[in-house]
Amino acid sequence: MFTGIVTDLGTILSIEDIPAGKRTRIRTSYDTDSFDIGASIACEGVCHTVTAKQNAPEGNWFDIESAAETLALTTVSEWKVGQQLNLERSLTMGAELGGHLVLGHVDGMARVVKREDHPDSVYLQFEATAETAPFIAKKGSVALNGTSLTVNEVDGLLFSVFLIPHTLEVTTWSDRQVGDNINLEVDMMARYAARLAEFTKTG
């Protein structure tokens, strides 16, 4: 479980093909001695399990492995060495919930279709898929590349957000441009409400 509040910008050191998919090594400022092998870390919004790690003066890193389904449904298949990633460690009991509850289970990809840079913000418009669009509501929450954001406007498959300077400084959002694919996770409350509505109709 996560909150969509990015706590580190990692950098991809290496990507290796393995029988199950891909293994990625990520440089981090996290104290890797503070979590165990098997810990969960959201990387660009995708929950991954730590499979190896190092804490050393020359730099800290951890390894993750991405299976075929993850590669098919997310932007992980597009990652490149040197790329920065939004990172968030899993939520601990009693920690402040600064964003909204995020599972790290990406529902699909959205595509950036418009970017407008303003003096105090950046406006981004996305195109969602037909499967995910019904779960995105005006003023609701959505997780995009692991960042908890508030939806500004919704129009069919299109929705938009505004990014403040702080978000642009501490995440990878300053680099995102028109045409980029984005990992999208809808609000779990919207997902459960839609499921309940299915049973209400049939009942």
Side-chain angles (χ1 to χ4, degrees), residues 1-10 24 26 28 30 39-49 64 66-67 69-79 83-92 95-115 121-154 157-164 166-177 180-195:
M1 188 76 73
F2 306 92
T3 69
I5 302 298
V6 174
T7 53
D8 188 26
L9 279 177
T24 304
I26 302 169
T28 181
Y30 290 148
S40 295
I41 296 180
C43 306
E44 286 293 278
V46 186
C47 181
H48 278 91
T49 299
I64 59 171
S66 307
E69 182 176 9
T70 299
L71 297 174
L73 296 177
T74 73
T75 64
V76 176
S77 61
E78 303 174 3
W79 289 358
Q83 179 179 338
Q84 288 192 307
L85 303 175
N86 293 325
L87 302 180
E88 182 187 358
R89 293 182 57 180
S90 57
L91 183 64
T92 58
E96 180 180 355
L97 183 61
H100 70 284
L101 290 177
V102 176
L103 298 176
H105 300 162
V106 172
D107 295 292
M109 287 187 283
R111 183 170 58 89
V112 180
V113 295
K114 183 184 291 186
R115 173 173 174 148
S121 65
V122 170
Y123 169 88
L124 289 174
Q125 186 180 61
F126 305 88
E127 183 177 25
T129 63
E131 292 76 20
T132 57
F135 300 97
I136 302 172
K138 181 177 180 179
K139 305 307 179 185
S141 296
V142 66
L144 298 172
N145 278 358
T147 312
S148 175
L149 296 169
T150 300
V151 177
N152 180 49
E153 295 286 350
V154 176
L157 298 182
L158 302 178
F159 69 97
S160 62
V161 303
F162 277 99
L163 302 175
I164 63 174
H166 174 73
T167 302
L168 296 168
E169 289 172 8
V170 301
T171 70
T172 62
W173 280 105
S174 60
D175 298 328
R176 299 285 72 81
Q177 301 295 331
D180 286 352
N181 289 320
I182 304 297
N183 294 320
L184 166 66
E185 180 183 336
V186 301
D187 188 348
M188 71 169 70
M189 300 304 293
R191 189 185 292 119
Y192 284 123
R195 183 62 172 160

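Computed from a predicted model, the values in this text were never measured in an experiment.
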Any heavy-atom pair between the side chains of [Y] and [X] that's under 4.5 Å?
{"X": "Leu9", "Y": "Leu87", "answer": "no"}
{"X": "Cys43", "Y": "Ile64", "answer": "yes"}
{"X": "Thr132", "Y": "Phe159", "answer": "no"}
{"X": "Phe162", "Y": "Leu124", "answer": "no"}
{"X": "Ser40", "Y": "His48", "answer": "no"}
{"X": "Trp79", "Y": "Thr24", "answer": "yes"}
{"X": "Val151", "Y": "Lys139", "answer": "no"}
{"X": "Phe126", "Y": "Val113", "answer": "no"}

Approximate separation, where rounding is to 0.5 Å, of [X] [atom1] and [Y] [atom2]:
{"X": "Glu131", "Y": "Leu157", "atom1": "CD", "atom2": "CG", "answer": "9.5 Å"}
{"X": "Thr167", "Y": "Leu149", "atom1": "OG1", "atom2": "CG", "answer": "6.5 Å"}
{"X": "Leu103", "Y": "Asp187", "atom1": "CG", "atom2": "CG", "answer": "9.5 Å"}
{"X": "Leu168", "Y": "Leu163", "atom1": "CG", "atom2": "CG", "answer": "5.0 Å"}
{"X": "Glu78", "Y": "Asp180", "atom1": "CD", "atom2": "CG", "answer": "8.0 Å"}

key: side-chain contact (heavy atoms from CB on, under 4.5 Å) between Ile164 and Ser121, intermediate numbers included   = CA-CA 5 Å; Ile164 63 174; Ser121 65; 5.6 Å; no
Check [X] against [Y] and note the closest heavy-atom contact, atom names and distance.
{"X": "Ser66", "Y": "Val76", "value": "OG-CG1, 3.4 Å"}
{"X": "Glu185", "Y": "Val102", "value": "OE1-CG1, 3.2 Å"}
{"X": "Ala128", "Y": "Ile136", "value": "CB-CD1, 4.0 Å"}
{"X": "Arg176", "Y": "Arg115", "value": "O-NH1, 2.6 Å"}
{"X": "Leu73", "Y": "Met109", "value": "O-CG, 3.7 Å"}
{"X": "Phe2", "Y": "Ala42", "value": "CE2-N, 3.5 Å"}

For [X] and [Y], which I'm curious about, is there any donor-acceptor pair between the side chains at under 3.5 Å?
{"X": "Asn86", "Y": "Thr172", "answer": "yes"}
{"X": "Glu44", "Y": "Asn183", "answer": "no"}
{"X": "Thr28", "Y": "Asp8", "answer": "yes"}
{"X": "Ser174", "Y": "Glu169", "answer": "no"}

CD (Glu69) with more than 12 external heavy atoms under 6.0 Å = no
Criterion side-chain contact (heavy atoms from CB on, under 4.5 Å) on Val6 and Glu88, from CA distance to verdict = CA-CA 5 Å; Val6 174; Glu88 182 187 358; 5.8 Å; no
ask   = Does the pair Val142 and Leu184 meet the rule for a side-chain contact (heavy atoms from CB on, under 4.5 Å), with working shown?
value = CA-CA 7 Å; Val142 66; Leu184 166 66; 3.1 Å; yes
query = Asn181 pairs by side-chain contact (heavy atoms from CB on, under 4.5 Å) with which of Asn145, Val112, Thr74, Thr75?
reply = Thr75
key: side-chain hydrogen bond (donor to acceptor under 3.5 Å, both in side chains) assessment of Thr147 paired with Trp173   = CA-CA 9 Å; Thr147 312; Trp173 280 105; 3.1 Å; yes
